[in-house]
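The first residue of the sequence shown is numbered 1, and numbering continues consecutively from there. Both counts, for ligands and for their atoms, begin at 1 and track the order of listing.
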Amino acid sequence: MKIFIDGQYYDENTAKVSVFDHGLLYGDGVFEGIRAYHGRVFRLKEHIDRLFFSAKAILLSPPMTNEAICEAVLATCRENNLRDGYIRLVVTRGVGTLGLNPNRCSKPSVIVIADKIQLYPQEMYEHGMAIVTVPTVRNLHSALNPAIKSLNYLNNILAKIEANNAGVEEAIMLNSEGFVAECTGDNIFIVRGNELLTPPLAAGALYGITRGVVLDLARDLGLRVGEPNLTRYDVFNADECFLTGTGAELIPVTKVDGRVIGTGEPGPQTRKLTELYHALTKTSGAPIFG
Ligand code: PXG
């Protein structure tokens, strides 16, 4: 596997970052997780735009333009002959000195890894997954804004550990007010009648690319879409529930905190949206091989 670091390709054994990189020392950097399907990178522009928004929010100027980073993603896929897979794009603050001051870091680093994706078990896509609400609450906007996809993912990792300890793969994270924010690496949706609802960004959700695509598909289907504050009560009483993410795509949720959601099987709107999502990934995206 060839890995892109600052304009050059390295073999996976020699692809290294410095121990003085503030990405490692302080989690000072931003990242994206992107999918390639059938030789096309899905929603590439949206991912790179979000990367630049995350970077701007932490006063990090990527050393490449938006277009150059898009091209680096495509070129790294070509270099690895990757048609289907997962692309991890990272921009770190770069090499600095011990001490927090980011001004001591001379130049941010850009890393692109194009690899295979590990998905949730197929059985869960067919029959739904069980999730739980965990005690770790989502970061406060006023502390570390959850809209920033930063290298500091401990908030999510702690919640993921709590989910794993409870024997499940994902967790609902509430915000400090007790409203549903999102999951550790996925956004959450509920279906209520002909309404599709997902928490607003202000509740602590990431502006998920998959979330945006699903909201568009739902509007096309004639569903009423909304982004109200949601509580666990709303989730427990939903007709359907599913999660969205670049890695997960759409995955049905049929049990939350031991309670059965809807019929206990993936619902019709979830299935329809999943079908439309898959159709879209087959036909749209930035071509890797021209
Ligand atoms: N919330 C959080 C906190 C995320 O990290 C999402 C929602 C979904 O957003 P997208 O844009 O992907 O629809 C994410 C994305 C991984 C992995 O390696 C994590 C994500 C995406 C891809 C892979 O676990 N998280």
Side-chain angles (χ1 to χ4, degrees), residues 27 29-37 41-54 57 73 84-90 111-121 124 129 131 134 136-141 143-164 168-175 179-189 196 198-218 227 230 241-251 253 273-274 276-278 280-281 284-285:
V30 294
F31 78 103
E32 279 298 320
I34 311 172
R35 282 289 278 279
Y37 297 95
V41 178
F42 190 63
R43 293 295 187 267
L44 177 59
K45 186 171 171 8
E46 286 83 349
H47 280 285
I48 306 303
D49 285 349
R50 186 174 66 183
L51 180 84
F52 273 79
F53 287 132
S54 292
V73 167
D84 293 272
Y86 176 65
I87 300 140
R88 170 59 55 90
L89 170 59
V90 184
I111 299 165
V112 185
I113 309 169
D115 201 355
K116 293 286 162 218
I117 177 100
Q118 213 201 330
L119 300 168
Y120 292 123
M124 291 185 183
M129 89 193 300
I131 61 174
V134 292
T136 295
V137 300
R138 198 78 184 96
N139 282 328
L140 289 169
H141 289 101
L144 174 57
N145 197 311
I148 303 170
K149 206 164 160 59
S150 84
L151 294 182
N152 197 317
Y153 245 47
L154 269 180
N155 183 223
N156 312 55
I157 289 166
L158 290 175
K160 182 86 169 181
I161 290 169
E162 289 164 348
N164 292 160
V168 298
E169 300 246 9
E170 253 296 15
I172 292 180
M173 299 181 77
L174 305 178
N175 63 24
F179 293 114
V180 174
E182 61 174 342
C183 294
T184 70
D186 298 298
N187 290 109
I188 186 165
F189 285 78
L196 181 72
T198 191
L201 303 190
L206 182 77
Y207 180 71
I209 307 296
T210 320
R211 175 184 183 276
V213 171
V214 167
L215 287 171
D216 286 344
L217 290 173
E227 301 177 45
L230 296 173
C241 177
F242 62 86
L243 311 183
T244 65
T246 297
E249 303 177 320
L250 275 80
I251 185 156
V253 170
L273 288 164
T274 303
L276 291 172
Y277 186 79
H278 285 152
L280 204 55
T281 61
S284 90

So which pairs with a foot in residues 206-218 pass side-chain hydrogen bond (donor to acceptor under 3.5 Å, both in side chains), sequence neighbours left out? R211-E227, D216-R219
Hey, can you pull the donor-acceptor pairs under 3.5 Å for the side chains in residues 156-164, sequence neighbours left out?
| residue | atom | partner | partner atom | Å |
| --- | --- | --- | --- | --- |
| N156 | OD1 | R138 | NH1 | 3.4 |
| N156 | ND2 | T184 | O | 2.9 |
| K160 | NZ | E169 | O | 3.0 |
| E162 | OE1 | T136 | N | 3.2 |
| E162 | OE1 | T136 | OG1 | 3.0 |
| E162 | OE2 | T136 | OG1 | 2.9 |
| N164 | ND2 | V168 | O | 3.1 |

Closest non-hydrogen contact found for I131 with M129 is CG2-CG, 3.8 Å
Using the test side-chain contact (heavy atoms from CB on, under 4.5 Å), find all partners of D49 that sit at least two apart in sequence or belong to another chain. K45, F53, N66
Stepwise side-chain contact (heavy atoms from CB on, under 4.5 Å) test for F242 and V253: CA-CA 5 Å; F242 62 86; V253 170; 5.6 Å; no
For P199 and I188 the tightest heavy-atom approach is CD-O, 3.3 Å
For ligand 1, list every N/O pair with the protein closer than 3.5 Å, one pair per line with the distance.
| residue | atom | partner | partner atom | Å |
| --- | --- | --- | --- | --- |
| ligand 1 | 1 (N) | E182 | OE1 | 2.6 |
| ligand 1 | 5 (O) | K149 | NZ | 3.1 |
| ligand 1 | 5 (O) | Y153 | OH | 2.4 |
| ligand 1 | 11 (O) | R50 | NH1 | 2.8 |
| ligand 1 | 11 (O) | R50 | NH2 | 3.1 |
| ligand 1 | 11 (O) | I209 | N | 2.7 |
| ligand 1 | 12 (O) | T246 | N | 2.8 |
| ligand 1 | 12 (O) | T246 | OG1 | 2.5 |
| ligand 1 | 13 (O) | I209 | N | 3.3 |
| ligand 1 | 13 (O) | T210 | N | 2.9 |
| ligand 1 | 13 (O) | T210 | OG1 | 2.6 |
| ligand 1 | 18 (O) | Y86 | OH | 3.4 |
| ligand 1 | 18 (O) | R88 | NH2 | 3.1 |
| ligand 1 | 25 (N) | K149 | NZ | 3.4 |
| ligand 1 | 25 (N) | G185 | O | 3.3 |

